Every structure is written in structure tokens, then in C-alpha cells.
Amino acid sequence: MNDSERQTAAVARRSIDLNADLGEGFPNDLALLDRVSSASVCCGVHAGDPDAIRHTLQAAAERGVIVGAHPGYRDREGLGRREQDLSAEEVELLVLDQVADLDRLGRDLGVPIRFMKPHGALYNQAQRQEEIARGLIKAVAQWGLPLLGQPGTLLETLAHSAGLRYVAEAFPDRRYKPDGSLTSRDEPGAVLSDLDEVAANVRALLADARVATLCIHGDEPSALAVADRLRAIVQSQGVVIRSFLG
């Protein structure tokens, strides 16, 4: 068996979670829930409102899609994508309040919150800035939830040190830098719209054995096309689409 055959065999034995960031008020939420195995639902701070969030939670439960909290910065104008300079304590309280709000909505509907994934600039800063990462870790530890983030980052190291389950995530519709970090959305071509580029990205990400979940951004106009292409490639390689929680 040559290297290419071994890589194909390794991929074929894998399962992968497909997640989408939902509840932010964009039109593709219900259609995406038919295509994914987990959903990161916003908590009403960077986007969304209680009615949209409740609707998303209920629709996810009806489809057997697991739900996680998707807290972000208080920045509705910038959709939570502008960096902020906060202390670890401020980040901890910011996240705790949002997860508690989503948990209350979920409890009313009988929908448990089963993981946590920070949104936007909070997510990106936590991968590389210790102050932000420490605040996030403290909040997640109090809930005892699995944490989603990029592999090989400061956040992953701190999560493991705190005894948290860390779920490595990758982004088929985003361009990566050579060091493995995401290209800033401020740069041209940071979000991939060409489905052939997305397809090449998917194949490369599937070959990374660390990656347990692939994200689809629900706010992108191409979200459904990306989701369909992603599912087709995953299934063509014999990879099972399944939540990372089983």
C-alpha cells in the first residue's frame, strides 16, 4: 500500500462532525439544520434575538442536531468580529452570562446545551492571546462543556491543562495562512466562494487526523452550496457524518 492509499484508508475509517453557526437571524438556518450534525447557536449578544434563538433550538432538537452555545463580543454592529481588549475576568463574565441565557432558553424547550464554541473575534483572539483564552477556559470549566477551537493553538494547550475536552475544528470556506491560522476577513479572498477551492480545502482538512468537526458559516450567502459540496466530498471518501458527541 502506497502513501496515497494509506491516507485514503485512514480517512475512510473516520467520522466527522459538520457544524454550523446559527440563530443569528440569517435565512438559511432551517435548511442548514437538515445538513449538519451540530449547531453553535448564538446567545443574543453579537446577533440574534430570543424568538429566532428559540426557533433554532427547537428546529435543531426536531432534527436530532446537538446544540452548543456560541457566545461573542457585545458588538452587534460588527457582528462580533471586531477585536476587543478585555481582561480574563471580563471575558469569563461575558461568556458565563451568555451561556446561562442560552441554557435558560434551552431548558424551557427541553434542549440541552452540550458544547461551547466562541464566536468571531472572541474565537480568534482566544486561539493566540493568553488573557482572552484564560477567561474563556474559566467560563467553560464552570459549565463542564466540551470546547471547540482550532488544533495546535494556545487555547488547546490551556484547555487540556484545565482538564477540558477540546474538539478540533476546521473551516472549509476559509483561507488559511501558512502557519495554520485563518486569513483575516479584512483581507480579499479570506472567505472562499469558489466551490472548487472549497472542495480542495475539504480534502486537505479531512487528511488532518486532529480535525473532528468542520464548520459552515450560516451567514454566508453560499452556505447551502458549501454544505452540499462538503457533504458530497465527505461521503465520497467513506467518512461518516456524525456528531463528535456520538
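The structure displayed is predicted, hence computed values, not measured ones.
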Item checked: Nearest non-hydrogen partners of Y73 and L122, listed with the distance -> CE1-N, 3.4 Å
Checklist line | Side-chain touch P71/M116, heavy atoms, less than 4.5 angstrom | finding: yes
Checklist line | Donor-acceptor under 3.5 Å (R128 side chain, L154 main chain) | finding: no
Note to self: Salt bridge check, R107 against D103: does any charged N sit closer than 4.0 Å to a carboxylate O?
What the structure shows: yes
Margin query: One pair to check against side-chain contact (heavy atoms from CB on, under 4.5 Å): L96 and W143. What are the steps and the verdict?
Written below: CA-CA 8 Å; L96 285 175; W143 282 90; 3.6 Å; yes
Note to self: Quick check: do R165 and F115 have side-chain heavy atoms less than 4.5 Å from each other?
What the structure shows: no
Next item on the list: Examine distances only and state if a side-chain atom of S87 and a backbone atom of E90 form a donor-acceptor pair shorter than 3.5 Å.
Entry: yes
Check: With side chains defined as the heavy atoms from C-beta onward, is the minimum distance between L18 and L214 less than 4.5 Å?
Finding: yes
Notebook entry, point to check: Are V191 and Y176 grouped together when hydrophobic residues (ILVMFWY) are joined by side-chain heavy atoms under 4.5 angstrom apart?
Noted result: no
Next item on the list: Determine, stepwise, if the pair D179 / K177 fulfils salt bridge (charged side-chain N to carboxylate O under 4.0 Å, His left out).
Entry: CA-CA 5 Å; D179 66 359; K177 295 180 180 178; over 6 Å; no
Next item on the list: Taking all heavy atoms of C43 and all of A69, pick out the closest pair and write down the distance.
Entry: SG-CB, 4.2 Å
Next item on the list: Determine, using the 4.5 Å side-chain heavy-atom cutoff (strictly less than), whether L93 and I113 are members of one ILVMFWY cluster.
Entry: no
Next item on the list: Search all heavy atoms of A141 against all heavy atoms of L164 and return the closest pair with its distance.
Entry: CA-CD2, 3.8 Å
Notebook entry, point to check: side-chain hydrogen bond (donor to acceptor under 3.5 Å, both in side chains) with D17: which residues, sequence neighbours excluded?
Noted result: S37, S38, T213
Check: More than 12 non-hydrogen atoms from neighbouring residues, nucleotides or ligands closer than 6.0 Å to CD on E187, yes or no?
Finding: yes
Margin query: Side chains of I233 and V198, heavy atoms from C-beta outward: is any pair under 4.5 Å?
Written below: no
Notebook entry, point to check: Taking side chain as C-beta onward, heavy atoms only, is V140 less than 4.5 Å from Y166?
Noted result: no
Check: Step by step, would you call Q125 with Q84 a side chain to side chain donor-acceptor pair (under 3.5 Å)?
Finding: CA-CA 9 Å; Q125 286 181 265; Q84 296 188 16; over 6 Å; no
Checklist line | Note, Q98 side chain near L94 side chain (heavy atom, < 4.5 Å) | finding: yes
Check: In Å, rounded to the nearest 0.5 Å, how long is the span from CG of L102 to CZ of R54?
Finding: 11.0 Å
Next item on the list: With rounding to the nearest 0.5 Å, note down the distance linking OG1 in T157 to CD in E130.
Entry: 10.5 Å
Next item on the list: Before accepting this row, confirm whether a basic side-chain N of the pair R185/E220 lies closer than 4.0 Å to the acidic partner's carboxylate O.
Entry: yes
Next item on the list: List the steps and the verdict of side-chain contact (heavy atoms from CB on, under 4.5 Å) for L109 and H55.
Entry: CA-CA 10 Å; L109 297 169; H55 189 49; over 6 Å; no
Note to self: For a quick test of reading the model, state the closest non-hydrogen atom pair linking D173 to N201 and the distance between them.
What the structure shows: N-ND2, 4.5 Å
Notebook entry, point to check: Could you give the distance from CG (D29) to SG (C42), rounded to the nearest 0.5 Å?
Noted result: 8.5 Å
Item checked: Same apolar cluster: V239 and V167, side chain cutoff 4.5 Å -> no
Margin query: Parallel, tilted or perpendicular: which one describes the rings of H46 and H119, with boundaries at 30° and 60°?
Written below: parallel
Check: How long is the span from the NE2 atom in H70 to the CG atom in D21, to the nearest 0.5 Å?
Finding: 3.5 Å
Next item on the list: Using side-chain hydrogen bond (donor to acceptor under 3.5 Å, both in side chains) as the criterion, point out the one residue from K117, E169, Q150 that pairs with Y123.
Entry: E169
Checklist line | CA sep, side-chain torsions, deciding dist, call: Q237, V202, side-chain contact (heavy atoms from CB on, under 4.5 Å) | finding: CA-CA 11 Å; Q237 296 200 25; V202 171; over 6 Å; no
Check: Taking a hydrophobic cluster as the set of Ile, Leu, Val, Met, Phe, Trp and Tyr residues connected by side-chain heavy atoms closer than 4.5 Å, whether directly or through intermediates, do L145 and V95 fall within one such cluster?
Finding: yes
Notebook entry, point to check: With E131, which residues qualify under side-chain hydrogen bond (donor to acceptor under 3.5 Å, both in side chains), at least two apart?
Noted result: R134
Item checked: Value rounded to 0.5 Å, distance of CG in D49 from CG in D51 -> 5.5 Å
Next item on the list: Please name the pair of heavy atoms, one in L155 and one in L136, separated by the smallest distance, quoted to 0.1 Å.
Entry: CD1-CD2, 4.0 Å
Checklist line | Any F244 side-chain heavy atom under 4.5 Å of I66 side chain | finding: yes
Next item on the list: May I ask whether L148 and V45 are part of the same hydrophobic cluster, defined by side-chain heavy atoms of I, L, V, M, F, W, Y residues being less than 4.5 angstrom apart, directly or through others?
Entry: no
Note to self: Determine whether a donor-acceptor pair (N or O, by modelled atom type, separation under 3.5 Å) exists between the side chain of R175 and the backbone of G189.
What the structure shows: yes
Margin query: If the threshold is 4.0 Å, N to carboxylate O, is there a salt bridge linking R81 and E24?
Written below: no
Notebook entry, point to check: Mind checking whether P118 and L147 have side chains closer than 4.5 Å, heavy atoms only?
Noted result: yes
Item checked: Heavy-atom pair of closest approach, residues L22 and A39 -> CD1-CB, 3.9 Å
Notebook entry, point to check: D228: what forms a side-chain hydrogen bond (donor to acceptor under 3.5 Å, both in side chains) with it, not counting sequence neighbours?
Noted result: R35
Checklist line | A31 backbone acceptor or donor facing N28 side chain under 3.5 Å | finding: no
Notebook entry, point to check: Where do I53 and V41 land on the side-chain contact (heavy atoms from CB on, under 4.5 Å) test, with the steps shown first?
Noted result: CA-CA 7 Å; I53 292 168; V41 179; 3.9 Å; yes
Next item on the list: Would you indicate whether D85, at its atom CG, is surrounded by more than 12 heavy atoms from other residues, nucleotides or ligands within a distance under 6.0 Å?
Entry: no
Checklist line | Ion pair check, R82 and D186, cut-off under 4.0 Å | finding: no
